[in-house]
Asker: 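This is the structure I want to talk about, given as structure tokens.
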Amino acid sequence: MTVGMSLLLLKLTALLYLVATASFVFYAFRRDTASRLPPLVLSGGFVVHTLALAVYFFQDGYPALMEMREALLFKSWLMVAGYLLIQLKYRLTVLGGIIAPLAFLMALASIAFGSGSGEIPPGLKTFWLPLHVTLAFLGNAVFALAFGVSLIYLLQERHLKHKRMTALMKRFPSLESLDRLNYLLLVWGFPFMTLGILTGSIWAGIYWGNYWSWEPRQISSGIAWLFYGALLHGRITAGLRGKKAASLTIVGFAVVLGYFLWGDAIFPSRHGGRFE
Amino acid sequence: MHKEIFIVGLNHRSAPIEVRESVAFERSQLLAALARLRAFATIWESVILSTCNRVEVVAAAPENHRSIEAIKSFLAEQRSAAANGALDEHLYSYRGADAVRHLFRVAASLDSMVVGEPQILGQLKDYYNMAQEAGTVGTVLHRLFHRSFFVAKRVRTETGIASRAVSMSSVAVELAGRIFDHFEDKTVMLIGAGKMGDLMARHLQRCGVKSVMVTNRTFERAVELADKIHGSPIRFDDFPRYLKLADLVIGCAGGPDILVDAGMVEKVLRERKQAAMFFIDIGDRRNFDPGINAIDNVYIYNIDDLKSVAEENLHERSSEAEKAENIVQEEVESFIGWINSLEQVPTITAFREKLETIRQREIAKSLSGGLKDLSDKQRRAMEDMTAAMMKKIMHGPITHLRKNTESEDEMLYVAALKRLFDLEDK
């Protein structure tokens, strides 16, 4: 397998996600169109995306997770997979309108980042790497979906408060089901995140000899974990729901996303690909 | 003097709900109000309509501008003292054929907030009966209203307007569906036993709602309605305690008081752990504090808000509406024909009498003058001849008048005939 091949697949994935985005937007503003097409285009993108991941896997002979490009690619793959599952169960086509552009941007970013050495320090080649990264990324992907659901909730809520009824709004599910889905995603995302942090911590204990070394990535994920934990706790015990819950979900995801994208640049860390 | 039909009033398009509320008539005030109208020298017949979407005075009056001014000042007096701002800018006035058309459109539910909704006809009949009771209905309004009921029936049977009518209830249910996923586990509280609330509660039941609470100032009415729709009656003083159980609250309690305010909702919401609530204010007066809308997870819609949503559905029915408008136009013309014939019949009679008087006078003059030697046979022949001549002369103008009863310039002919032959009103 060549690097060109994987890059080509990557570009094709980005292109399909772009087309899917366009078809979601088009669908949103049409009165009567079949709503099957946009999720199908997105599924097409997902298939190519899966192929691209597989190619990277065979290239390295090891799960491709260490570099920014690969991380983005894997995270967006989990996110799209999660959306397609939700679409199967809830027919939440509008959510695709948020997920597709997000997936497109992530694919684009992973092309822009380019590929590095592809070398993984031998010490990291253990089962801990895929286990830790998969769990952590699963948590992130689920929270990305919760972010999308919350965004739709706020849009729908705004429409209702302002007493506007648009064709777009008729495509939205009820606030009740959006809120329930948001809760469901939180309930799934939080354990993944917890396990991600736990496995990371255990692995760090083994590799660095220290379970918790207060390095930036650990601190930020600790903060996000506390945030989502408080949100979940509030939902279960204090009747935190609706608009406030949706807004907090969006804030939480912004923290996670912001750190994932820029955190390493601001706070140099030995986590991720940069080991001293 | 010639009678004309006037309508002065405001509706959901011309005035916001605050203004409509400020001039609305309570049912109990209606007879007294009609009596006040009767006292105006410039108003001969009158009917007052006062629904949540319109307040209108329909009057038959002498043909001059003072009648419109009189009704306007009457409505301004009705306005509650608390209200401010000019009323005039919200009022419309129609006269003659335009007034007839307006009333027909109202009756046929073409002027309704939700076009095609059937309630307006019943309300119209109601207010007409009350005016009859007050003794303010005469020949013209009697005929006008009965004709409007007929027009409504024609529009309903000959067009698809009514069958495809989006009632206010379905709009509310559609909105509720944006908030709630399903209705089976939802509870409705109905405050007030008004007709609209009753209809809406039933509609929600058809959509799956199992539990309905009914409260009313008069507890017996609450029990009665609760029985009919298989709900549970609640005493009026107790309803705030039960509010926390309600997911949908329908306000339809005629009075002018705010029954549920923001503080109350905030408290209830805490008890409900922020579970969403939907307030629907559909009474003639607002029962819910509009400030409720600022609270998270609570949605409140009043009649005006439901209207704007309903209008979204209007576009599809425009061709049926066109058909209905044609029916209305047809009926307006025939009604104007009738009202003009009220004027034209006396004119024709006066015309006939005038010529007959001339004939009699001239015969009498001739028989006592140059023709006094005529035989009986000749006198009869002359009688026949002059009568025939007169008939021939009158034939043209009279048939012309009768034929033109349905055209706008018919009044012109009547006026011309009166002028030319110097006919006086009897």
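Since this is a predicted model, take the numbers as computed values, not measurements. Naming: A, B, ... by sequence-line order, numbering from 1 per chain.
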Asker: For S247(A), is it the side chain, the backbone, both, or neither that has a heavy atom closer than 4.5 Å to a heavy atom of chain B?
Answerer: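 The answer is neither part of S247(A).
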Asker: For chain B, which residues from residues 228-236 of chain A have at least one heavy atom closer than 4.5 Å to it?
Answerer: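 Within residues 228-236 of chain A, near chain B: I236(A).
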Asker: If I compare all heavy atoms of G177(B) with all of S174(A), which pair ends up nearest, and what's the gap?
Answerer: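 Heavy-atom minimum between the residues: O-CB, 3.3 Å.
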Asker: May I ask you to decide if K273(B)'s main-chain N or O and R241(A)'s side chain share a donor-acceptor pair within less than 3.5 Å?
Answerer: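 Yes.
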Asker: Ignoring hydrogens, what is the shortest heavy-atom contact between H182(B) and R180(A)? Give both atom names and the distance.
Answerer: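 The pair with the smallest heavy-atom distance is NE2-NH1, 4.4 Å.
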Asker: Between E176(A) and K186(B), does any NZ, NE, NH1 or NH2 come within less than 4.0 Å of an OD or OE carboxylate oxygen?
Answerer: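 Salt bridge present between K186(B) and E176(A).
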Asker: Do Y299(B) and K163(A) come within less than 4.5 Å of each other through their side chains, counting heavy atoms only?
Answerer: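 The answer is no, as the side chains (C-beta and beyond) never meet within the 4.5 Å cut-off.
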Asker: Verify the neighbour count for atom CZ of R158(A): are there more than 12 heavy atoms of other residues, nucleotides or ligands below 6.0 Å?
Answerer: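 No.
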Asker: Can you tell which part of A275(B) gets under 4.5 Å to a heavy atom of chain A, answering side chain, backbone, both or neither?
Answerer: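 For A275(B), the contact with chain A is made by backbone and side chain together.
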Asker: Is the backbone N or O of L160(A) less than 3.5 Å from a side-chain atom of Y301(B), with the two atoms forming a donor-acceptor pair by type?
Answerer: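 Yes.
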Asker: Determine whether a donor-acceptor pair (N or O, by modelled atom type, separation under 3.5 Å) exists between the side chain of K244(A) and the backbone of D296(B).
Answerer: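 Between the backbone of D296(B) and the side chain of K244(A) there is no qualifying donor-acceptor contact (under 3.5 Å).
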Asker: Quick one, K243(A) with N297(B), criterion side-chain contact (heavy atoms from CB on, under 4.5 Å). Give me CA distance, side-chain angles, the key distance, then yes/no.
Answerer: CA-CA 7 Å; K243(A) 189 184 175 186; N297(B) 300 331; 4.3 Å; yes
Asker: Does L175(A) offer a backbone N or O that forms a donor-acceptor pair with the side chain of D181(B) under 3.5 Å?
Answerer: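 Side chain of D181(B) to backbone of L175(A): no pair is present.
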Asker: Give, as side chain, backbone, both or neither, the part of R272(B) having an atom under 4.5 angstrom from any heavy atom of chain A.
Answerer: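 Interface part for R272(B): backbone (N, CA, C, O).
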Asker: How close do N293(B) and K161(A) get, heavy atom to heavy atom, and via which atoms?
Answerer: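 Minimum heavy-atom contact is O-NZ, 2.5 Å.
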Asker: Partners of F192(A) by ring pair (Phe, Tyr, Trp, His ring centres under 6.0 Å), sequence neighbours excluded?
Answerer: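 If we apply the ring pair (Phe, Tyr, Trp, His ring centres under 6.0 Å) test to F192(A), skipping adjacent residues, there are no hits.
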